[in-house]
Amino acid sequence: MQRRKGNSLRMRPIFLNSVAFVIAEVIERRHAEEELRQYKEKLEELVKERTSELTKTNEQLFNEISIRKQVEQDLQNSIYFLETFLDTIPSPVFYRNLEGVYQGCNEIFARHILGLSKEEVIGHSMYDFRDQYSEETLNKSVYYDSILLKEGKSLPHELKIKCAIDGKLRDFLVHKAIYSNIAGEVIGIVGIMLDITERKKQRKPF
């Protein structure tokens, strides 16, 4: 009996230690679970905040894209209107940058003067069309361009041009003006040409 009591007494600390260990493990696990729960809640809150921020950002981007698309559409409509308007003018019209490269023109200028489509004219320099423009015509045009750019004065001047539509050398009275970008910087010259060939023939004495 005493041995059993002795054994029982010796085993009790071991049992208590085991129970304490298990309790400690449980407590630690509960702490870990609580920390995990808190972390999960914080993470969910951060996700919600981030999602809300991203939603706002996406809405802003969507609005900006919508506005940009509308601006682009308005710009395309303006360009289409400008091209249509130019084509209704019964005289050759062109506009080119400061390097002499055509940025646009109407059908009469492209077809009658150069014998090309507008797409074939745009992006090319006036020096690329020497079949129609003589050296004298080019030099004269550049001279009056320089006066226009320096003094802001539009001086009508006559030019002789070999028209592609009939291959004849015809006289034109050219009116020019400068045009600017949105910042107010001069970026090119626009011109309209009036065929005065017949008028000049009538003025010649018999």
Determine whether H112 and E107 make a side-chain contact, defined as any pair of heavy atoms from C-beta on separated by less than 4.5 Å.
-> no
For residues 184-195, the side chain to side chain donor-acceptor pair (under 3.5 Å) pairs (sequence neighbours left out) are R170-D195, N181-E185, D195-T197
Residues at least two apart in sequence or cross-chain that pass salt bridge (charged side-chain N to carboxylate O under 4.0 Å, His left out) with E120, listed by chain then number, are none
Stepwise salt bridge (Lys or Arg N to Asp or Glu O under 4.0 Å) check, D145 with K150 | CA-CA 9 Å; D145 286 354; K150 288 178 182 177; over 6 Å; no
Can you tell if the side chain of I113 reaches within under 4.5 Å of the side chain of I161, non-hydrogen atoms only?
-> yes
ILVMFWY network linking I165 to I108, side-chain heavy atoms under 4.5 angstrom = no
How would you list all residue pairs meeting ring-ring contact (aromatic ring centres under 6.0 Å, His included) that involve residues 118-156, not counting sequence neighbours?
-> Y144-H157
Check the pair L114, F109 against side chain to side chain contact (heavy atoms under 4.5 Å, CB included), reporting the backbone distance first and the verdict last.
-> CA-CA 7 Å; L114 300 178; F109 180 84; 3.7 Å; yes
Side chains of L149 and I189: does their closest heavy-atom pair fall under 4.5 Å?
-> yes
Do side-chain atoms of S141 reach the backbone of T137 as a donor and acceptor pair under 3.5 angstrom?
-> no
Evaluate the salt bridge (Lys or Arg N to Asp or Glu O under 4.0 Å) criterion for residues E158 and K200: first the C-alpha distance (whole Å), next the side-chain angles of each, then the deciding distance (0.1 Å), finally the verdict.
-> CA-CA 11 Å; E158 294 183 19; K200 292 193 70 172; 3.0 Å; yes
When you measure from the side chain of S91 to the backbone N and O of L194, does any donor-acceptor pair fall under 3.5 Å?
-> no
Should the ring pair Y179 and Y95 be called parallel, tilted or perpendicular, given that the plane angle runs from 0 to 90° and is split at 30 and 60?
-> perpendicular
Could you tell me whether E135 and R130 make a salt bridge, using a distance below 4.0 angstrom between a side-chain N and a carboxylate O?
-> yes
Nearest atoms (heavy-atom pairs only) where C105 meets A110 | SG-CB, 4.0 Å
Just jot down the salt bridge (charged side-chain N to carboxylate O under 4.0 Å, His left out) partners of E53, sequence neighbours excluded, or say none.
-> R50
Let me see the working for M126 and L138 under side chain to side chain contact (heavy atoms under 4.5 Å, CB included), right down to the final yes or no.
-> CA-CA 8 Å; M126 59 183 182; L138 289 170; 4.1 Å; yes
Near E136 CD, under 6.0 Å, is it more than 12 heavy atoms from other residues, nucleotides or ligands?
-> no
Taking only residues two or more places apart in sequence, or in another chain, which ones meet K118 in a salt bridge (charged side-chain N to carboxylate O under 4.0 Å, His left out)?
-> D87
May I ask you to test the D128-S125 pair for a side-chain heavy-atom distance under 4.5 Å?
-> yes
Begin from the C-alpha positions of I192 and V174 and carry the test side chain to side chain contact (heavy atoms under 4.5 Å, CB included) through to its verdict.
-> CA-CA 6 Å; I192 182 169; V174 184; over 6 Å; no
In chain order, what residues pass the side chain to side chain contact (heavy atoms under 4.5 Å, CB included) check against D131, with sequence neighbours excluded?
-> none
Below 4.5 Å, heavy atoms only, C-beta onward: do S117 and R111 meet side chain to side chain?
-> yes
Taken to the nearest 0.5 Å, the spacing of N139 CG from S134 OG works out to 8.5 Å
How long is the gap from CG on D166 to NZ on K168, to the nearest 0.5 Å?
-> 5.5 Å
Would you indicate whether the side-chain heavy atoms of H175 and L173 approach each other to under 4.5 Å?
-> yes
Side chains of I122 and Q103: closer than 4.5 Å at any heavy-atom pair?
-> no
Only one of L148, V190, I187 passes side-chain contact (heavy atoms from CB on, under 4.5 Å) with I178, and that residue is L148
What about V142 and Y102, same hydrophobic cluster or not, with Ile/Leu/Val/Met/Phe/Trp/Tyr joined at side-chain heavy-atom distances under 4.5 Å?
-> yes
Any donor and acceptor pair, going by atom type alone, linking the side chain of N106 with main-chain N or O of V93 inside 3.5 Å?
-> yes
Can you tell me how far CD1 of I67 sits from CD of Q60, rounded to the nearest 0.5 angstrom?
-> 10.5 Å
